[in-house]
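Below is one structure, written out as C-alpha cells, with a few remarks after it.
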Amino acid sequence: MKLGFIGTGNMASAIMGGIIKNQIIPANDIIGADVMEAGRERVKDQFKIQVTADNHEVINSSDIIILSVKPQFYAEVIAEIKDDVREDQIIITIAPGKTLAWLKEQFGKNVKIVRTMPNTPALVGAGMTAACPNEYMTKEEIAYVLTLLESFGRVEIIPERLMDTVVSVSGSSPAYVFMFIEAMADAAVSGGMPRAQAYQFAAQAVLGSAKMVLETGKHPGELKDMVCSPAGTTIEAVRVLEEKGFRSSVIEAMKTCEEISKSM
Ligand SMILES: NC(=O)C1=CN([C@@H]2O[C@H](COP(=O)(O)OP(=O)(O)OC[C@H]3O[C@@H](n4cnc5c(N)ncnc54)[C@H](OP(=O)(O)O)[C@@H]3O)[C@@H](O)[C@H]2O)C=CC1
Ligand SMILES: O=C(O)[C@@H]1CCC=N1
C-alpha cells in the first residue's frame, strides 16, 4: 500500500510518525509533497520518507492520499490534482469545514473520500480521529482506512453533521490543554518548583486524569468530587475556578472554534 501526503506540516508529520512507528506502512512506501523545501526536507530527515515538490507525483504514485494543507488551499490543490485521481484511489481529508458535498463538487467526479478530523497527539499514538466515509467507499476500504487511522490513536466513524463539533472537542483541544498545563506549571513555579519538573507534574496529572475518565467510565463530576476532600484544598481551588468562569470560558471558546470551522 503506497501512502501520499500533499502538505508535510504539523498534522501530516504527526500522522506519518504514528503510521511509521506502528509499522502500518513503511517509510519507503510513503511520499510527501510540500511547496516549502524546508517542510519537505524536515520530514525526509525525520521520517526517511520520499519527498517531492510535485503534487502530481504524489497522486500518480500513491493508493491513498492525505490532503494535509490548510483549508484555504484545498480548492487550489484539488483543482491541480483532480484529473490525476483514479477511481480506485482513496482521498483522506483533514481540513475543517470542507464537507463531502463540497469535495465532490470540487473534484467534479466520483472519488473515494474519507473526511476525517485528527489531532496532533497522533504523533505519540494517542490521537483522537473522527472519520466520515463517502458513498463510494467499500466496506473493505473503510476497514483498511480505519486500521490506518487506528495506528495513531482512537478513531470513531461519526455523522458528518458533528464534524465541526469534533474540531472543537478534539481537533483543536490539545491547544487548550497545553495552555492549561502551562498555567499549572507557572503556578507550581511560583510555589518554588523547577519549571521542567513543574511541566512533568502538570502533564502527568492531566494524563492520569484523562486515563481515569477513559478507563473508569465514571462521570468527570464524580471523579472531581473524589478529589475534593471536605474542608480540603481542592474544593477551594474549584471554588475559585468556578468564580473565574473556568467552565463557561471553555464552552464559549469551543463554540467559537466550532463556528469558525463551519465557516471554512
Ligand atoms: N495542526 C493541527 O493540530 C491540526 C491540523 N488539521 C488540519 O490539517 C491541515 C494541515 O494543518 P497543519 O499541518 O497544521 O498546517 P501546516 O501549515 O503545518 O502544514 C501545511 C503544509 O502544506 C504546505 N502547502 C500549502 N499549500 C500547498 C500546496 N498547494 N501543495 C503542497 N503543500 C502546500 C504549507 O506550506 P505553507 O506554509 O507555505 O502554506 C505547509 O508546509 C489543515 O487543514 C488543518 O486544519 C487538522 C487537525 C489538527
Ligand atoms: O487550527 C486549525 O485550524 C486546525 C484544525 C484543528 C486543529 N488545528
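All values below come from the heavy atoms of this structure, side chains included, with hydrogens, waters and symmetry mates left out. Read the numbers this way: they start at 1 and go in the same order the structure lists the ligands and their atoms.
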With a heavy-atom distance limit of 4.0 Å, tell me whether [X] approaches ligand 1 through its side chain, its backbone, both, or neither.
X     : result
Glu80 : neither
Lys70 : both
Val77 : side chain

Residue and atom name of the nearest protein heavy atom (relative to [atom]), distance in Å to one decimal:
atom                    : answer
atom 11 (O) of ligand 1 : Met11 CB, 4.3 Å
atom 30 (N) of ligand 1 : Asn55 ND2, 3.2 Å
atom 36 (P) of ligand 1 : Met36 CG, 3.9 Å
atom 3 (O) of ligand 1  : Thr120 CG2, 3.1 Å
atom 41 (O) of ligand 1 : Asp34 OD2, 2.9 Å

Would Ala95 count as a contact of ligand 1 if the rule is a heavy atom under 4.0 Å away?
yes

With atoms numbered from 1 as shown, which atoms in ligand 1 lie under 4.0 angstrom from a non-hydrogen atom of Glu76?
29 (N)

Lys2 bridged to Asp29 by N-O distance under 4.0 Å:
yes

Does Glu259 come within less than 4.0 Å of Lys255, counting only side-chain N to carboxylate O?
no

What I want to know is whether Asn10 and ligand 1 share at least one N or O pair that is separated by under 3.5 angstrom.
yes

Are Thr99 and Arg115 close enough that some pair of their side-chain heavy atoms sits under 4.5 Å apart?
yes

Can you see which heavy atom on Met137 is nearest to which on Val114, and at what distance?
CE-CG2, 3.4 Å

